[in-house]
Amino acid sequence: MWIDTHCHLDAHEFGEQSLALAARAQERGVDMVVIPAVERGNFTAVRALAHRAPNASYALGIHPIYIPHAVEDDLLFMRDAVAQAMADPRFVAIGEIGLDFFIPMLCEPAMREKQVFFLREQLKIARDFGLPVLCHVRKSQDQVLKHVRQVGPAGGIAHAFNGSFQQAQAYIDAGFKLGFGGNLTFTRALQIRRLAAELPISAIVVETDAPDISPSWVHPGVNTPAEVAGIGEALAGLRGEAPEQIARATTQNALDVMPRLRALMAA
Ligand SMILES: [Zn+2]
């Protein structure tokens with residue numbers, strides 16, 4: 001059994017196929033798909049989808065890429081939405097939130113500041129409700145970590161992790177797991193493959209980030225949640241371990257960092 005800890009199953013690329021793709025993932029042993037929101041405008045969509053697919057759950061948050069259009073009122077809206085969602089067993093985390101200091105439009109000083117403001121406010125929502133955070137960390141490893149440490153949410157996942165071993169350890173010390181996906185299937189991704197092979201297995205969760213970050217055998221096609229099984233097998237290959245063992249360990253790790261997901265899957 002696999003858990004895809006990060007899948008944008010509501011993305012427009014999937015059209016009407018979202019439910020069929022969740023079912024196909026289930027056939028590949030993907031018993032759970034976590035669907036992060038990206039903006040206030042898709043909170044309803046991720047919630048609805050997580051209730052229609054038997055093997056899905058969701059998170060609420062505002063993604064860095066949507067920060068240019070976000071307004072402060074969105075944070076009040078989000079706090080209300082989270083307060084209500086606490087009664088919903090399929091709601092498991094805050095996300096996708098973070099900092100993106102790679103996309104030029106997001107790197108201007110005012111926009112960097114706005115990103116930091118929204119990250120901190122969302123970390124506070126996570127902290128106040130005792131929820132883990134699903135973090136987008138792009139050219140911002142140390143900055144995201146700094147705000148996580150200062151605000152102190154209940155752990156989380158650094159998704160599509162691509163930092164140093166030292167940064168990995170700092171996230172682990174902050175109660176985080178590190179998300180690995182399609183990138184580790186490319187032989188040129190030396191650093192990510194070293195991390196995936198050498199970090200303690202207790203720190204690792206698997207993800208697709210579908211429809212993005214396709215594994216090598218799908219690239220440049222559209223990624224889907226079923227691929228997390230192949231990604232997990234590739235991870236097992238890098239570590240010289242049996243896929244079943246990696247599936248068990250990464251599933252435990254995902255449940256450890258998302259206690260509401262454990263409760264949902266035990267129900
Ligand atoms: Zn994402």
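Atoms within each ligand, like the ligands themselves, are counted from 1 in listed order.
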K.L.:
What pairs with Lys124 under salt bridge (charged side-chain N to carboxylate O under 4.0 Å, His left out), at least two apart in sequence or on another chain?
P.N.:
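With neighbours one apart ignored, the set is Glu121.
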K.L.:
Quick check against the 3.5 Å criterion: does Asn55 have a side-chain atom that pairs as donor or acceptor with the backbone of Ala23?
P.N.:
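No.
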K.L.:
Which heavy-atom pair separates Ile231 from Pro215 by the least distance, and what is that distance?
P.N.:
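Of all heavy-atom pairs spanning Ile231 and Pro215, the closest is CG1-CB, 4.2 Å.
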K.L.:
Just to be sure I understand the site: which N, O or S atoms from the protein are less than 2.8 Å away from the Zn ion (ligand 1)?
P.N.:
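The answer, once waters are left aside, is His6 NE2, His8 NE2, Glu96 OE1, Asp209 OD1.
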K.L.:
Tell me if a side-chain donor or acceptor on Asn253 pairs with a main-chain N or O of Val205 at a distance below 3.5 Å.
P.N.:
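Here the side-chain-to-backbone pair does not exist.
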K.L.:
In chain order, what residues pass the side-chain hydrogen bond (donor to acceptor under 3.5 Å, both in side chains) check against Arg52, with sequence neighbours excluded?
P.N.:
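Expected list: none.
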K.L.:
With sequence neighbours excluded, give me every salt bridge (charged side-chain N to carboxylate O under 4.0 Å, His left out) pair touching residues 207-217.
P.N.:
none
